[in-house]
Every structure is written in C-alpha cells, then in structure tokens.
Amino acid sequence: MDLVEAIKSRKSLRGYKPTPVAKEVLTEILDIAIRSPSGLNSQPWEFTVLGGKVLDDLKQALQEQFLAKIEPHPDFPLQPLTGVYRKRQIELAVALFQVMGIARKDTEKRDQWTLKMLRVFDAPNAIIVSMDEEVSSYLAMFSLGLVTQTIALAAVNFGLGTCIQRVLVDSPEIVRRIAGIPESKKLAIGIAIGYPDWDFPANKIQSVREPLANLVTWRGM
Ligand SMILES: Cc1cc2nc3c(=O)[nH]c(=O)nc-3n(C[C@H](O)[C@H](O)[C@H](O)COP(=O)(O)O)c2cc1C
C-alpha cells in the first residue's frame, strides 16, 4: 500500500467486527513497527497483545472501575486541556456525539459511550504499549509515540483499523494484574485493533485539522 494513502486513510475507528485478528498478522504489524526510530536507539517499547478471555476480563474490569466512579490514575499524570486545545477536544466530542445520536445532556447515553470506550470499542484485540520504569523519560515516551503511530499505519496495510486509547491505561494496576504485566513496567497507551465495522456511525467521522498555515513558520525561505 502506498505510504501517503495509508497515512491519509488511517483514522481512529470506534466500531469493529468481532473477528479476532490472527496472531501472525499482529506479529507482522509489530515486526514492521519496531523499525520505528527511538532516542539513542534505546527501543524502549514493550507490547502486551490481548485477546480472548484476557481481553474480555480487562473490558469487564475497566467498566467496573468507571461504574464505581474511580478517578483515572494513569502512570503518567493527565493534564486537562485548556484554550484552543480544549476547543478542539470539544469539537471532536460534539461531532462524535452527533453522529452517534447522543444529546449533550443525556448522561445515560454518554455513560454508555464511555463504557463502550472502556470495552476497547468492542475490538477483538488490543495492544498495551509500555516501557520499563528504568527508561520512563521524555525520550522513551516520544519513541513510544512513534512506534504507536507506526502500528496504526501498518495496520491499515492489513485492512485493519485502530484507535489509540489513553483510557485503557487510566487504571494501570488493573491492566497489569489482568494482562500479567510486571509492576516495573509503566503503561503509556492502549491500542484497539480489529477489522473495521464501516457501518458503525462513529467510523464515518473525519476529524478536523487546523490548517497548516496556522501551524508552520517559515524562516529564510
Ligand atoms: C495519545 C492519544 C490518546 C488517545 N486516547 C483516546 C481515547 O482514550 N479515546 C478515544 O476515543 N480516542 C482517543 N484517541 C484518538 C484521538 O481522539 C484521535 O486520534 C484524534 O481525535 C484525531 O482523530 P483521528 O485519529 O481519527 O485522525 C487518542 C489519541 C492519541 C494520539
């Protein structure tokens, strides 16, 4: 598949077919993705690939956390968005809720959406991207971002969809327990992966981008 086509066609998918992704395909995707660059070639990334009962158990436990009103407590603290960044966050939420028929004040439907998100959008597989606490620095997090995007792009080549999901690591001790990840590993992000359900309304969304002209400064040219 053409690289530009893959980059342009990748988008976060939030509805999947139940068909599990073959281990061989997931292996190939990760094998491609580890060609990503990393600071000092430290290759700080580690992957825990989930499916079957383990993923079902995780989906269940994450939903229970939400229903018990446990606040997110990720390994890497969250910072609420403000200003233009918050505006973009809201724009996305409005677009998603509109296409999903969720009214702003309909707390029940909003909760249902959060539960679906915590069920990894009902994807058959998920990848938890982690790093050893020994390397959990700026360089490592940057490098994990690169490998995560490369996974998402490689997945497109195999007809797969992904959604990079912070919420999957909001209760890291639960993920570590169910997925058998040692205490010494810091969880950076989760990725939903599976065959897209193109009929799912949220998958029709194309997220907006700020025009390049507002983002780039040219000097000396
Ligand atoms: C670090 C990171 C965390 C994200 N966490 C979530 C999440 O928890 N739930 C979700 O629905 N989407 C999540 N996303 C997906 C973003 O909402 C999405 O990438 C963004 O809106 C741009 O849309 P696109 O991926 O379709 O181009 C995350 C993306 C990134 C890069």
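All values below come from the heavy atoms of this structure, side chains included, with hydrogens, waters and symmetry mates left out. Order of appearance sets the numbers: ligands from 1, and atoms from 1 within every ligand.
- The part of I189 lying near ligand 1 is the side chain, judged by heavy-atom distances below 4.0 Å.
- Geometrically, K59 does not engage F66 in a cation-pi contact defined by less than 6.0 Å to the ring centre and at most 45° from the axis.
- Salt bridge annotation for K87-E91: present, with a cationic side-chain nitrogen under 4.0 angstrom from a carboxylate oxygen.
- Heavy atoms of Q149 stay at 4.0 angstrom or farther from ligand 1.
- Taking the six-membered ring for Trp and the full ring otherwise, W198 and Y16 have centroids separated by 6.0 Å or more.
- Using a 4.0 Å cut-off between charged nitrogen and carboxylate oxygen, K186 and D132 do not count as a salt-bridge pair.
- When only non-hydrogen protein atoms are considered, atom 11 (O) of ligand 1 lies nearest to R14 NE, 2.9 Å.
- Here's the thing with F121: none of its N/O atoms is less than 3.5 angstrom from an N/O atom of ligand 1.
- Taking a 4.0 Å cut-off on heavy atoms, R209 registers as neighbouring ligand 1.
- Close approach to Q165 involves these atoms of ligand 1, each under 4.0 Å from a residue heavy atom: 5 (N), 6 (C), 7 (C), 8 (O).
- Residue K11 places its NZ atom among more than 12 non-hydrogen atoms of other residues, nucleotides or ligands, all under 6.0 Å distant.
- Taking both residues in full, the closest heavy atoms of Y195 and T19 are given as CD1-O, 3.8 Å, listed atom of the first, atom of the second, then distance.
- Between W113 and F121, the ring-plane angle classifies as tilted under the 30° and 60° cut-offs.
- Under 4.0 Å from ligand 1, not a single heavy atom of Q206 appears.
- Close contacts of ligand 1 with V167, meaning ligand atoms under 4.0 Å from a residue heavy atom, involve 8 (O).
- D106 and R110 are not joined by a salt bridge, as no carboxylate oxygen comes within less than 4.0 angstrom of a charged side-chain nitrogen.
- Counting heavy atoms from C-beta outward, L168 and I189 have side chains that stay 4.5 Å or more apart.
- In S207, the part holding a heavy atom less than 4.0 Å from any atom of ligand 1 is the side chain.
- With respect to atom 26 (O) of ligand 1, the closest heavy atom belonging to the protein is S12 N, 2.8 Å.
- Distance screen at 4.0 Å: atom 20 (C) of ligand 1 has no protein heavy-atom neighbour inside the cut-off.
- Of the charged side-chain nitrogens involved, at least one lies within less than 4.0 Å of a carboxylate oxygen, so that R119 and D122 count as a salt-bridged pair.
- Residue M117 has at least one heavy-atom neighbour below 4.0 Å for each of these atoms of ligand 1: 9 (N), 10 (C), 11 (O).
- Ligand-side atoms of ligand 1 in range of K11: 26 (O), range being under 4.0 angstrom from any heavy atom.
- Of the heavy atoms in L92, only side-chain atoms (C-beta onward) come closer than 4.0 Å to ligand 1.
- Evaluated by nearest non-hydrogen atom to atom 14 (N) of ligand 1, the leading choice among I205, I164, L144 is I164.
- Closest to atom 5 (N) of ligand 1 among all protein heavy atoms lies R166 N, 2.9 Å.
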